[in-house]
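Below is one structure, written out as structure tokens, with a few remarks after it.
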There are 2 protein chains.
Amino acid sequence: MPKIGMEPVRRKALIDATISAIGERGSLDVTMSEIAGRAGVSSALAHHYFGAKDELLFATMRHILTELNVDTRRALHSAGTARERVSSVVAVSFSDDQFQPEIIAAWLAFYVEAQKSTELRRLLRIYARRLHSNLMSGLTGILLRNEADRVAETTAALIDGLYIRRALKDGVPDAQTAIALVEDYLETKLNGRSLP
Amino acid sequence: MPKIGMEPVRRKALIDATISAIGERGSLDVTMSEIAGRAGVSSALAHHYFGAKDELLFATMRHILTELNVDTRRALHSAGTARERVSSVVAVSFSDDQFQPEIIAAWLAFYVEAQKSTELRRLLRIYARRLHSNLMSGLTGILLRNEADRVAETTAALIDGLYIRRALKDGVPDAQTAIALVEDYLETKLNGRSLP
DNA sequence: TTTTTTATTGACGCATCAATCAATAAAAAA
DNA sequence: TTTTTTATTGATTGATGCGTCAATAAAAAA
């Protein structure tokens, strides 16, 4: 009993299923059948809509990146001062939507996969550049360009590092603590300083 | 023409081959044949000495961890002040032996694999705890325990984050820059301060 | 010298999966 | 009403790769 207009519904369901499967397995080593099963369809249908497994994985990573971008833009929009812009970028990275086991596992797994796939590497570089640029959008109002660059680089690395440690479920248990560490760094680096 | 006493030689060769194979592929998705080929033996021999692929991978990670530990102990041994102890731990993390593409790719891949394997996760936690404790061995001479803990946590996350960014071959190109960023953080966090 | 141990491999079985395809059926268009 | 398009799957194929095993041979022990 096929209903018409199922394509977007299935695509969404398959991408969600991919994220949750990756989250549970902790790696991209999930079968198409597993994913399709979670989405309530056959593996043949997954192939029908995405062609190959690579493309489904790629679409999934793009989806995660898009969500992050949407959240970040919203947060930046409602940030007043330059200092608040920086904090809002950090806050989004550790928000409930982003800093959850499933998403973190996916990030980690995709970082590894990016070693093989040129397209995925391209995608992750876009993320890295966006993060840098978003941080800079606040930092350039507080520090000189040169110093701002270094602080942005460090903050980005710090965020990535805290993600990894969360994946290992060791140290830094919650988002609260993670934010506190990054903010502590930013405070000691920015406090009292402001461009004329 | 089998010579006697080959076991340790083969084990070493197979582990080295595993590292270089992982380095090239960028993931643990390397076949036993590929590894064995690089080591100049048949895949059957690899199975003979290591039993299963899991065990070869496990032995490889343990080897990397052991090397890192040896280097770190040596560095700590020749460090005078507390401040120098901290810097020496950082320096080893980005030394030529550790901060090379092959090893970094392996770290990343093993982080992912640790999601599946309990034993591997245990191993990586040992590393995390050692790193923390090594950093603390210097920091406790400079900061109060509470603050030292936070700085150690941040420094560890920063190191991990810089590793990842290196893996993506984007930003932070060389070890020199990576060290500079970590040291810059430590400076702003430690300078002028010292326990009575 | 015979036996046991150590080193080594080619061939093979077996399981897993990605991807394809033919078949079925409902909706929409002609 | 006939035809085409869209949705869907069970069955199958083909490839890949781990792990095993019997066979070979040299060294060491008996």
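Letters A, B, ... mirror the listed sequences (proteins, then strands); counts begin at 1. Only this structure's heavy atoms are used, side chains among them; waters, hydrogens and symmetry mates stay out.
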Using a 4.0 Å heavy-atom cut-off across all strands, classify B:F50 as base, sugar-phosphate, or nothing. nothing

Without hydrogens or angle criteria, can the side chains of B:T81 and B:R85 be said to hold a donor-acceptor pair below 3.5 Å? no

In whole angstrom, what separates B:K53's NZ from C:dA15's C1'? 15 Å

Mark yes when over 12 heavy atoms from residues, nucleotides or ligands other than B:R25 sit less than 6.0 Å from its CZ; otherwise mark no. no

Considering just the side-chain nitrogens and oxygens of B:R10, establish if one lies under 4.0 Å of OP1 or OP2 belonging to C:dT6. no

From CZ of A:R11 across to P of D:dA7 the rounded distance in Å is 11 Å

NZ/B:K12: more than 12 non-hydrogen atoms of other groups inside 6.0 Å: no

In whole angstrom, give the distance that lies between atom CG of B:L45 and atom C1' of C:dG10. 13 Å

Interatomic distance, B:H47 NE2 vs D:dT20 P [rounded to whole Å]: 7 Å

Bracket notation of DNA chain C in which parentheses pair within the strand, [ ] cross earlier pairs, and | pairs with another strand (Watson-Crick or G-U, under 3.5 Å): ||||||||||||||||||||||||||||||

Quick check on DNA chain C: between B:S43 and B:G5, whose nearest nucleotide comes earlier from the 5' end? B:G5

Under 4.5 Å between any side-chain heavy atoms of A:Y163 and A:L108, yes or no? no

Rounded interatomic separation in angstrom, taking OH from A:Y49 and C1' from C:dA18: 20 Å

Does any N or O in the side chain of B:S137 come within less than 3.5 Å of the main-chain N or O of B:N134, such that one atom is a donor and the other an acceptor? yes

Look up atom CG in B:L181 and atom OG1 in A:T155, then write down how far apart they are to the nearest 0.5 Å. 10.0 Å

Which ones in residues 22-32 of chain A lie close to DNA chain C, meaning a heavy atom under 4.0 Å from one of its atoms? A:V30, A:T31, A:M32

Interatomic distance where CD belongs to B:E7 and C1' belongs to C:dT8 [whole Å]: 13 Å

Ring centres under 6.0 Å, that's the criterion: do A:W107 and A:F99 meet it? no

Going through the distances and angles, do B:T66 and B:N69 end up as a side chain to side chain donor-acceptor pair (under 3.5 Å)? CA-CA 5 Å; B:T66 303; B:N69 197 38; over 6 Å; no

For the pair A:L162 and A:F94, evaluate side-chain contact (heavy atoms from CB on, under 4.5 Å) and give the outcome as yes or no after the intermediate values. CA-CA 10 Å; A:L162 289 168; A:F94 298 108; 3.8 Å; yes

Does anything in residues 107-124 of chain A reach DNA chain C, meaning a heavy atom under 4.0 Å, and if so which residues? none

Rounding to a whole Å, what distance do you find between A:H48:NE2 and C:dC21:P? 14 Å

How long is the straight-line distance from OG of B:S43 back to CG of B:L14, given to the nearest 0.5 Å? 10.5 Å

Please answer whether the main-chain N or O of B:Y49 pairs with a side-chain N or O of B:R11 as donor and acceptor at a distance below 3.5 Å. yes

Between B:I35 (CD1) and D:dG17 (P), how many Å, whole number? 12 Å

